[in-house]
Amino acid sequence: RRECSGGGLASQDKVCYNQADMKGKRAMVIETRKAEETFALGEKIGRQAKPGQVITLVGDLGVGKTVFTKGLAQGLGITEPVSSPTFTIVQEYRDGRLPLYHFDVYRIGDPEEMEEIGYEDYFYGDGVCLIEWADLIEELIPEQAVWVTIEKVLEEGLDYRRIIIEGMGEAYEDFSA
């Protein structure tokens with residue numbers, strides 16, 4: 001089922017939601033046409049995030065993962081600058097209503113490397129974990145994680161993004177509301 005509304009995120013452009021059933025999990029497809037709309041979606045999810053929430057972020061280089069992450073951080077009330085922790089694996093932001101643990105696992109060669117940084121303390125702690133390139137460590141991701149995939153569709157324009165949010169359990173209900 002596809003529903004479109006004007007100005008749903010950040011502008012007068014249409015934002016379309018498509019309820020689908022992907023691999024037995026409910027999914028929402030959101031189309032954005034500007035970076036500001038991708039930011040606004042991240043911000044909405046950040047405002048609704050709860051302690052212990054794990055949000056995965058999958059997409060090619062340059063699709064807007066950092067833009068989405070900055071929006072999510074703002075939604076959590078984080079005021080310090082947010083950047084991708086490519087070389088540090090995890091960056092902690094603690095000045096919001098909940099801590100944000102921002103992982104970039106692109107350079108992880110083996111999921112066992114996550115053990116060395118104590119990933120379970122983050123994944124099962126009281127903050128919000130956002131994990132870029134989560135598909136590389138999929139076997140470590142908690143079952144109740146929310147999966148966010150950002151795709152470019154060049155036929156729709158350079159700034160067009162298709163954002164697929166797959167949720168499991170209560171977390172999905174919170175984000176789709």
Side-chain angles (χ1 to χ4, degrees), residues 1-11 13-59 63-85 90-104 119 121-135 141-151 161-177:
R1 187 181 66 176
R2 183 180 170 110
E3 300 173 13
C4 295
S5 62
L9 292 176
S11 73
D13 291 341
K14 282 187 177 179
V15 178
C16 299
Y17 300 86
N18 185 17
Q19 296 287 339
D21 185 40
M22 302 175 73
K23 299 178 206 161
K25 297 176 242 160
R26 288 185 55 202
M28 180 183 345
V29 178
I30 299 170
E31 299 171 340
T32 64
R33 298 192 179 276
K34 296 179 182 177
E36 294 84 5
E37 292 175 344
T38 301
F39 181 96
L41 175 63
E43 184 178 16
K44 177 181 179 182
I45 290 173
R47 282 194 309 266
Q48 296 178 22
K50 293 183 171 51
Q53 199 114 55
V54 175
I55 301 165
T56 68
L57 196 50
V58 178
V63 296
K65 293 185 300 291
T66 301
V67 169
F68 179 91
T69 300
K70 288 178 179 182
L72 187 129
Q74 183 167 312
L76 287 170
I78 292 167
T79 57
E80 62 185 289
V82 173
S83 61
S84 189
V90 64
Q91 177 69 43
E92 298 183 24
Y93 301 94
R94 297 186 171 272
D95 70 335
R97 67 176 180 82
L98 294 171
L100 173 62
Y101 308 120
H102 179 197
F103 287 81
D104 183 329
Y119 80 92
D121 293 336
Y122 295 103
F123 286 17
Y124 300 101
D126 291 331
V128 174
C129 286
L130 180 77
I131 307 161
E132 292 188 43
W133 303 99
D135 51 325
I141 303 297
E143 187 176 321
Q144 292 298 316
V146 173
W147 287 82
V148 177
T149 303
I150 304 176
E151 302 172 341
R161 299 295 184 268
R162 177 182 301 129
I163 303 171
I164 303 161
I165 302 174
E166 293 180 82
M168 299 172 238
E170 294 175 13
Y172 176 77
E173 299 303 326
D174 291 340
F175 292 148
S176 64

Counting N and O atoms only, with roles assigned by atom type, does the side chain of [X] sit under 3.5 Å from a partner on the main chain of [Y], one being a donor and the other an acceptor?
X    : Y    : result
R161 : A35  : no
D95  : T79  : yes
T56  : L130 : no

Check: T66/S84 side-chain N/O donor and acceptor closer than 3.5 Å: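 No, no side-chain donor-acceptor pair sits under 3.5 Å.
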Side chains of [X] and [Y]: does their closest heavy-atom pair fall under 4.5 Å?
X    : Y    : answer
R94  : Y101 : yes
F123 : I141 : yes
I165 : I45  : yes
V54  : Q144 : no
E132 : H102 : yes

Rounded to the nearest 0.5 Å, what's the gap from [atom1] on [X] to [atom2] on [Y]? Could you check?
X    : Y    : atom1 : atom2 : value
I78  : T69  : CD1   : OG1   : 10.5 Å
W133 : L57  : CH2   : CG    : 9.5 Å
K44  : L72  : NZ    : CG    : 13.0 Å
I30  : L41  : CD1   : CG    : 4.5 Å
I164 : I150 : CD1   : CD1   : 10.5 Å
L100 : E92  : CG    : CD    : 9.5 Å

Minimum heavy-atom distance between [X] and [Y], given as atom pair plus value:
X   : Y    : value
A27 : E166 : CB-CG, 3.8 Å
Q74 : E43  : NE2-OE2, 3.1 Å
G46 : L76  : O-CD2, 3.4 Å
V82 : Y93  : CA-OH, 3.5 Å

Would the number of heavy atoms belonging to other residues, nucleotides or ligands and lying under 6.0 Å from NZ of K65 be above 12? yes
Centroid-centroid under 6.0 Å between Y122 and F103 rings: yes
